[in-house]
Amino acid sequence: QVQLVESGGGSVQAGGSLRLSCAASGQTFSTLAMGWFRQAPGKERELVATIGRSASTTYYADSVKGRFTISRDNAKNTVYLQMSSLKPEDTAVYYCAGTTLRIFSSWPPPRADFGSWGQGTQVTVSS
């Protein structure tokens, strides 16, 4: 079972930037496809971005496309989410997730396809 630990959350003003990190342990990181999800108060957890094992494939939700960048460093067992031009509506708890699936049940991959989750990190964007 892989363990995932997020860091880098915080409070920032609209237009600012943050970089989230997620460190993995317990399983060979390069065997995992990774994703970032977020959950705002009173809302469902939603997919933000995903990245394939070799980083050759990425997906972004329309709401963050052009502002967020997902990347990974397999040598450091870490996946990142660089967030720029942040908006108040980006305020949420951000979760890192991993999966060993090679074929997702649908596209974009649903939350249920990810078997490992971090504890979450709070991102607050003020106007």
Side-chain angles (χ1 to χ4, degrees):
Q1 183 74 13
V2 63
Q3 290 79 47
L4 302 173
V5 179
E6 302 98 335
S7 61
S11 297
V12 64
Q13 288 192 327
S17 299
L18 283 174
R19 188 176 82 156
L20 305 183
S21 300
C22 173
S25 61
Q27 185 162 340
T28 303
F29 185 64
S30 60
T31 67
L32 298 169
M34 301 297 297
W36 285 97
F37 289 74
R38 67 185 181 185
Q39 187 166 17
K43 295 189 176 181
E44 293 289 317
R45 191 171 299 188
E46 63 175 358
L47 177 63
V48 175
T50 66
I51 188 165
R53 290 164 179 78
S54 62
S56 60
T57 304
T58 58
Y59 164 85
Y60 296 95
D62 287 343
S63 58
V64 306
K65 203 172 293 183
R67 300 187 297 120
F68 291 11
T69 302
I70 190 170
S71 61
R72 66 189 294 162
D73 186 337
N74 286 349
K76 295 183 178 179
N77 294 345
T78 302
V79 62
Y80 305 97
L81 186 68
Q82 178 67 49
M83 305 185 294
S84 303
S85 301
L86 283 161
K87 304 175 181 180
E89 51 264 43
D90 294 318
T91 295
V93 177
Y94 283 71
Y95 297 90
C96 170
T99 180
T100 57
L101 290 178
R102 294 196 171 271
I103 300 176
F104 290 115
S105 61
S106 61
W107 190 259
R111 174 182 172 182
D113 279 2
F114 291 83
S116 299
W117 292 84
Q119 81 288 351
T121 186
Q122 177 71 46
V123 171
T124 302
V125 184
S126 58
S127 57

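Computation of the quantities below employed the complete heavy-atom set of this structure, encompassing side-chain atoms and omitting hydrogens, waters and symmetry-equivalent molecules.
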Compare every heavy atom of L4 with every heavy atom of C96, then report the nearest pair and how far apart it is.
O-CD1, 3.8 Å
Say whether Y80 and V64 are linked into one hydrophobic cluster, either directly or through other cluster members, by side-chain heavy-atom distances under 4.5 angstrom.
no
Rounded at 0.5 Å granularity, tell me how far CD in Q122 sits from OG1 in T91.
7.0 Å
Reported CE-to-OG1 distance for the pair M34 and T58, which is rounded to 0.5 angstrom:
14.5 Å
T121 and S7, any side-chain heavy atoms less than 4.5 Å apart
no
Non-hydrogen side-chain atoms of K87 and S85 separated by less than 4.5 Å:
no
Say whether, by atom type as modelled, one donor and one acceptor occur between the side chain of Q3 and the main chain of A24 under 3.5 angstrom.
no
Which atom pairs, donor and acceptor, lie under 3.5 Å between side-chain atoms of residues 9-23 and protein residues at least two apart or in another chain?
none

Counting C-beta onward and ignoring hydrogens, is there a side-chain heavy-atom pair between Y59 and V48 closer than 4.5 Å?
no
Residue pair Y60 / I70, side-chain heavy-atom distance below 4.5 Å
yes
May I ask you to check whether over 12 heavy atoms, not counting those of K43, lie within 6.0 Å of atom NZ?
no
Run the side chain to side chain contact (heavy atoms under 4.5 Å, CB included) check on M83 and R67 step by step: do they pass?
CA-CA 6 Å; M83 305 185 294; R67 300 187 297 120; over 6 Å; no
Below 4.5 Å, heavy atoms only, C-beta onward: do Q27 and T100 meet side chain to side chain?
yes
Hits for side-chain hydrogen bond (donor to acceptor under 3.5 Å, both in side chains) against R38, two or more places apart or cross-chain, chain-then-number order -> E46, S63, D90, Y94
What pairs of residues pass the ring-ring contact (aromatic ring centres under 6.0 Å, His included) test when at least one of them lies in residues 11-50, not counting sequence neighbours?
F37-F114, F37-W117
Any side-chain heavy-atom pair of I51 and T57 under 4.5 Å
no
At what distance, to the nearest 0.5 angstrom, does CG of L86 lie from OG of S126?
10.5 Å
Begin with the C-alpha distance, continue with both residues' side-chain angles, and end with the deciding distance and a verdict on side chain to side chain contact (heavy atoms under 4.5 Å, CB included) for L32 and V2.
CA-CA 9 Å; L32 298 169; V2 63; 3.8 Å; yes
Sorted by first residue and then second, give each side-chain hydrogen bond (donor to acceptor under 3.5 Å, both in side chains) pair with at least one member in residues 68-77; sequence neighbours left out.
R72-N74
Compare every heavy atom of L101 with every heavy atom of R53, then report the nearest pair and how far apart it is.
NH2-O, 2.7 Å
Which pair of non-hydrogen atoms, one from T50 and one from P109, has the smallest distance, and what is that distance?
CG2-CG, 3.8 Å
Do Y95 and V125 belong together in a cluster built from hydrophobic side chains that touch within less than 4.5 Å?
no
Does the side chain of E44 reach to within under 4.5 Å of the side chain of Q39, using non-hydrogen atoms?
no
Would L47 end up clustered with F68 when hydrophobic side chains under 4.5 Å apart are linked, directly or stepwise?
no
Can you list the residues that meet the side-chain hydrogen bond (donor to acceptor under 3.5 Å, both in side chains) rule with S105, with sequence neighbours excluded?
D113
What's the spacing between S106 OG and I103 CD1 if we round to 0.5 Å?
13.0 Å
Any side-chain donor paired with an acceptor under 3.5 Å for S30 and T28?
no
Restricting to side-chain hydrogen bond (donor to acceptor under 3.5 Å, both in side chains), what partner residues turn up for S25, sequence neighbours left out?
none
